[in-house]
Amino acid sequence: MSLLFAAALAALSPTGIVLENLSVEDRHSVEVRIWRSERLDRLKAESGWLSLVGLHWLKDGDNSVGSAKGSDVLIASAPAKLGTATLAGGEVTFTLEPGAIAIVGTSDRNKNAVLRDDRSERPTKVAFGTTSFYVIDRDGKKGLRVKDIEAPTRKNFLGLDYFEIAEKWRVEAKWEAFDPPKTLDVPTVLGTVEKYKVPGKAVFERGGKTYEVQPVLETADAKQLFLIFADKTTGKETYGAGRFLYADMPVNGKIVLDFNKAYNPPCAFTPYATCPLAPPENRVNLRIDAGEKKYKGSAH
């Protein structure tokens, strides 16, 4: 690391703006390093993916929640009988067991409440001790996602591994818009298929060959494009189901794909996530040796 680069890192302002006397390459390296540091912070946060310890799909009607043997939703860190999650009409209501203590939503006085699921900006959380859960919705199927800030996956995490930062993998691709936008079928680890809007494709060259990928819009009002891709490192140095990458919207017929910021999906860290998988359209016959590798201690 050059002294100038080290000084730039030390001189970061609260807004994340670095000194302007850096070379283009060093400026890019600083940007990627900051992004990776923030990525690690999010992953290791109390609400991050490393704290995920369970996913329990609910049946219609009453689902008992607790650590007692025979509970429909068995949570080892919960009281023997915590409460009942009732699924009816596509809505989940949670009723706290008499004598059990938990914060339901924002209050420990709530004994009965409808739980907003993760389609809401602020799903309702039920918290007790170091553990909490909230409802997720996957194509109409409801489940309780359980997190524990003392999870071994979080406490014993050894860190992330990356390929070396390389300016060549900050790819300025040609953007070819679809008119009208297409729909892309994206498989998931649950065996379901999610449909995403695809506004166009990114086309770039490497070694005299042309490659293309189709980033999607996660939501109708998305501010960035989302790419789920696999390449010739997939299942070797990198996670077997592919990797994720966000990109700013195209400008003047160009889009920047900075593969140095490619990262592992949540399913790389926990079996309780519900990740999309790289569709055939985004399986690139190219070795993209940039971005996140399999992490230390990874079993898959």
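Keep in mind that this is a model prediction, so the values were computed, not measured.
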(message) Check whether Phe204 forms a cation-pi arrangement with Lys174 (NZ or CZ under 6.0 Å from the six-membered ring centre, at most 45° off the ring normal).
(response) no
(message) When you compare the side chains of Asp148 and Thr130, does any donor N or O come within less than 3.5 Å of an acceptor on the partner?
(response) yes
(request) Step through the shown structure and confirm whether more than 12 heavy atoms of other residues, nucleotides or ligands are within 6.0 Å of CZ on Arg170. (result) no
(request) Please round to the nearest 0.5 Å and tell me the distance separating atom CD of Gln214 and atom CG of Asn282. (result) 6.0 Å
(message) For Ser77 and Thr131, which I'm curious about, is there any donor-acceptor pair between the side chains at under 3.5 Å?
(response) yes
(message) Between the side chains of Asp72 and Lys59, is the shortest nitrogen-to-carboxylate-oxygen separation below 4.0 Å, so that they form an ion pair?
(response) yes
(message) Working to the nearest 0.5 angstrom, can you tell me the gap between Glu97 CD and Leu82 CG?
(response) 8.5 Å
(request) Go through the steps to decide whether Tyr239 and Phe269 satisfy the test ring-ring contact (aromatic ring centres under 6.0 Å, His included), and finish with yes or no. (result) CA-CA 10 Å; Tyr239 181 55; Phe269 305 98; 8.1 Å; no
(message) So, taking the atom named OG1 in Thr86 and the one named CZ in Phe94, what distance separates them when rounded to the nearest 0.5 Å?
(response) 9.5 Å
(request) State the NE2-OG distance between His28 and Ser23, to the nearest 0.5 angstrom. (result) 11.5 Å
(request) Starting at OH of Tyr272, measure out to NE2 of His56 and round the result to the nearest 0.5 Å. (result) 7.5 Å
(request) Begin with the C-alpha distance, continue with both residues' side-chain angles, and end with the deciding distance and a verdict on salt bridge (Lys or Arg N to Asp or Glu O under 4.0 Å) for Lys142 and Asp117. (result) CA-CA 8 Å; Lys142 305 283 187 177; Asp117 61 43; 2.6 Å; yes
(request) Could you check Phe244 against Phe229 for ring-ring contact (aromatic ring centres under 6.0 Å, His included), going step by step and ending with a plain yes or no? (result) CA-CA 6 Å; Phe244 293 171; Phe229 75 97; 9.0 Å; no
(request) Report yes or no: is the cationic atom of Arg154 (NZ for Lys, CZ for Arg) closer than 6.0 Å to the six-membered ring centre of Trp49, at no more than 45° off its axis? (result) no
(request) Return the minimal non-hydrogen interatomic distance between Asp60 and Leu87, and the atom names on each side. (result) OD1-CD2, 3.5 Å
(message) Given 3.5 Å as the limit, does a donor-acceptor pair link the side chain of Asn63 with the main chain of Gly61, or not?
(response) yes
(message) With a sphere of 6.0 Å drawn around CG of Leu286, does it hold more than 12 non-hydrogen atoms of other residues, nucleotides or ligands?
(response) yes
(request) Take Ser71 and Ser64 through the test side chain to side chain donor-acceptor pair (under 3.5 Å) and record every step on the way to the result. (result) CA-CA 5 Å; Ser71 296; Ser64 57; 4.6 Å; no
(message) Tell me whether Arg243 is salt-bridged to Glu292, with the criterion being a basic N under 4.0 Å from an acidic carboxylate O.
(response) no
(request) Verify salt bridge (Lys or Arg N to Asp or Glu O under 4.0 Å) between Glu150 and Lys155, making sure each step is shown before the conclusion. (result) CA-CA 6 Å; Glu150 293 297 321; Lys155 293 180 67 177; 3.3 Å; yes
(request) Check the pair Asp231 / Arg287 against salt bridge (Lys or Arg N to Asp or Glu O under 4.0 Å), numbers first and verdict last. (result) CA-CA 6 Å; Asp231 66 281; Arg287 180 178 167 79; over 6 Å; no
(message) Under a 4.0 Å threshold between the charged nitrogen and the carboxylate oxygen, would Lys197 count as salt-bridged to Glu218?
(response) no
(message) With heavy-atom distances below 4.5 Å as the criterion, would you say the side chains of Leu160 and Arg36 are in contact?
(response) no
(request) Decide if atom NZ of Lys111 counts as having more than 12 heavy atoms of other residues, nucleotides or ligands within a radius under 6.0 Å. (result) yes
(message) Please determine whether side chain to side chain donor-acceptor pair (under 3.5 Å) holds for the pair Asp139 and Thr192, giving the CA-CA distance in whole Å, both sets of side-chain angles, and the decisive distance to 0.1 Å.
(response) CA-CA 8 Å; Asp139 200 24; Thr192 59; 5.9 Å; no
(message) In the structure I gave you, are the side-chain heavy atoms of Pro250 and Lys254 within less than 4.5 Å of one another anywhere?
(response) no
(message) Determine whether Val65 and Ile75 satisfy the following criterion, side chain to side chain contact (heavy atoms under 4.5 Å, CB included), listing intermediate values before the conclusion.
(response) CA-CA 7 Å; Val65 181; Ile75 303 176; 3.9 Å; yes
(message) Working note: Thr84 + Asp62, criterion side chain to side chain donor-acceptor pair (under 3.5 Å); need CA distance, chi angles, decisive distance, verdict.
(response) CA-CA 6 Å; Thr84 302; Asp62 291 344; 5.9 Å; no
(message) Run the side chain to side chain contact (heavy atoms under 4.5 Å, CB included) test on Leu58 and Leu144 for me, step by step, so that the C-alpha distance in whole Å, both residues' side-chain angles and the decisive distance to 0.1 Å come before the verdict.
(response) CA-CA 7 Å; Leu58 301 175; Leu144 298 186; 3.9 Å; yes
(request) May I ask you to say whether Lys147 pairs ionically with Glu46, meaning some side-chain N is under 4.0 Å from a carboxylate O? (result) no
(request) Take Asn260 and Trp35 through the side chain to side chain donor-acceptor pair (under 3.5 Å) test and state the conclusion after the steps. (result) CA-CA 10 Å; Asn260 293 283; Trp35 183 90; over 6 Å; no
(message) Between Pro215 and Trp175, is there a side-chain heavy-atom distance shorter than 4.5 Å?
(response) yes
(request) Decide, yes or no, whether a salt bridge links Glu212 with Lys201 under the criterion of side-chain N to carboxylate O below 4.0 Å. (result) yes
(request) Quick one: pull up CG in Leu184 and CD1 in Ile228 and give me the separation to the nearest 0.5 Å. (result) 7.5 Å
(message) Could you tell me if Lys141 sits above the aromatic ring of Trp57, with its cationic atom closer than 6.0 Å to the ring centre and no more than 45 degrees from the axis?
(response) yes
(message) Can you confirm whether Lys261 sits close enough to Tyr246 that some side-chain heavy atom of one is under 4.5 Å from a side-chain heavy atom of the other?
(response) no
(message) Would the distance check show the side chain of Arg116 and the main-chain N or O of Arg122 forming a donor-acceptor pair, the cut-off being under 3.5 Å?
(response) yes
(request) Take Leu217 and Leu225 through the test side chain to side chain contact (heavy atoms under 4.5 Å, CB included) and record every step on the way to the result. (result) CA-CA 6 Å; Leu217 292 168; Leu225 291 172; 3.6 Å; yes
(message) Can you confirm if the aromatic rings of Tyr295 and Phe157 lie within a centre distance of less than 6.0 Å?
(response) yes
(request) Using a strict cut-off of less than 4.0 Å between a Lys/Arg side-chain nitrogen and an Asp/Glu carboxylate oxygen, indicate whether Arg138 and Asp118 qualify as a salt bridge. (result) yes
(message) For the backbone of Thr234 and the side chain of Thr238, can you confirm whether one donor and one acceptor N or O come within less than 3.5 Å of each other?
(response) yes
